[in-house]
Amino acid sequence: MLKKILSLGLSLLMVWFNTVAVFASTIDVATLSTLVNKPYVELLEITPKVNFPEKEINDFKKNLEKEKASEKIRLEKEEAALKKQVVLLEQQLDKLNKKSSTDTQEMEKERQSLHCQILTLERTLKQKHTEHSHGLSVIYDNKLAKLELIQKWPLKQKEIEQFILSGNARSRRFGNVEDIGIRKVGEGQEKDIRLGEESLQQLKSTGLMPPEIEDKELIAYVQGLADLVAANSDLRVPVRVFLLDSDEINAFALPGGFLFINRGLIEKASNESELVGVISHELAHVSARHGARLMKKATIAGIFYQAAQVAAVLLTGGIAGIGMYYALNYGFFGLGLVLDLTLLGVCRDYEMEADQLGTQYAWRSGYDPKGFITFFDKMASEKGYVRSASFFRTHPAFFDRIVSTFSEISYLPPKDELIMDSTDFHLNKEKLVKIAKSAKEERSKKAKASLKKPSPCDE
Ligand SMILES: [Zn+2]
């Protein structure tokens, strides 16, 4: 009897589980709200199999826009509340100053605590501001792009298939992928080397450049990947890799082949194909001479000077000395947020061109060109908008970019055994984290020692 009850119970439980499972999988495929949270790579497989009435899509879009608006209000309220707290603390400081002409020991303690609280609040305030001015739109632009993809990708995919069948695939712009290395993209790259060198000097002299990671093995690893991509690209100048010790998830290239990769970016990449994807994209900017075309020689100094001023305010809160300690840690605000975009050759058409060419270079180097998309996606879906904000400030626009990248992937002749990952990547990544950690400790120690007074936030 007991056995019977148990087995009945068990089968009921199984029925329940099955129902839940069926229910869950139906939801998984059917609702727009689950679909806009799916990775792009998965979404592109799903879209041809689903069909939504236009009204449902439009309603969903309106809801997303509403959600974005209320999220914006929430962040603004948070910002206002923080500002109020700062004002209150400043009033307390004012009161303290009116008490007497010099501090007693107790007053000095109170003053230090107030200084520390104000500095900490101001820092939080700046992060909040970045969230709401850059990060918020990244999150929603990404969801809207996914929605548009659900609507439009199936038709686009059919068009591409037909175009390939008609024998005209190579007549698309930059369609002659078999001629990479021979074909002419961005003629006159050699002229950019001097421009890049000058920019590099300017960048260094403003003190804006994060410290370089000097480890020979690590540099050789990334340089090796960059050289491989360069050999499979339209680049006619040598690449020089700089590894920067910055938390910021970003990479950028100066005209003439100077490639900067931040530690934060390598730490965030899950596999080698993602890193290669970013390198390929940046080298595509150099190949097509985007930066050089946009950068007017006369304004380089101006761009860096302006960036240095913005950085000084962001990093130090206007208070030298104490701020230096923060600056040396390169917390949230990286180079990407303060550099003028024209320097990096960022504009919508150039981005799409770099996406297309970058896809070709990664593919021709033997890597899975989807790596760039999975990285891009991860950045855009990141919780806590701040860390990814600068990556997208220098790399704007969503839907069109995903479509142009995926179209290119669909056009490329199929290749067996594309590389996704390697043990080398993970070994180097581990080493990088270790090296950066000890370098950071060393810098904080030096920075603390160089301050005449201890930071008010130190015990
Ligand atoms: Zn770009």
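Keep in mind that what you see is a predicted model, and the values were worked out from it rather than measured. When a ligand or atom number is given, it counts from 1 through the structure's own listing order.
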- Task: Examine all N, O or S atoms of His281, backbone included, and report whether one is under 2.8 Å from the Zn ion (ligand 1).
- Result: yes
- Would you call Arg194-Glu198 a salt bridge at under 4.0 Å N-O? yes
Can you give the donor-acceptor pairs under 3.5 Å from side chains of residues 147-161 to other protein atoms, not counting sequence neighbours?
unit_1 : atom_1 : unit_2 : atom_2 : d
Glu148 : OE2    : Lys152 : NZ     : 2.8

- Lys434 bridged to Glu430 by N-O distance under 4.0 Å: no
- His285 NE2 to Glu351 OE1 via the Zn ion (ligand 1), rounded to 10°, gives 110°
- State whether Glu282 contributes an N/O/S atom found under 2.8 Å from the Zn ion (ligand 1). no
- Task: Indicate whether the side chain of His290 and that of Glu351 have a donor and an acceptor atom separated by less than 3.5 Å.
- Result: no
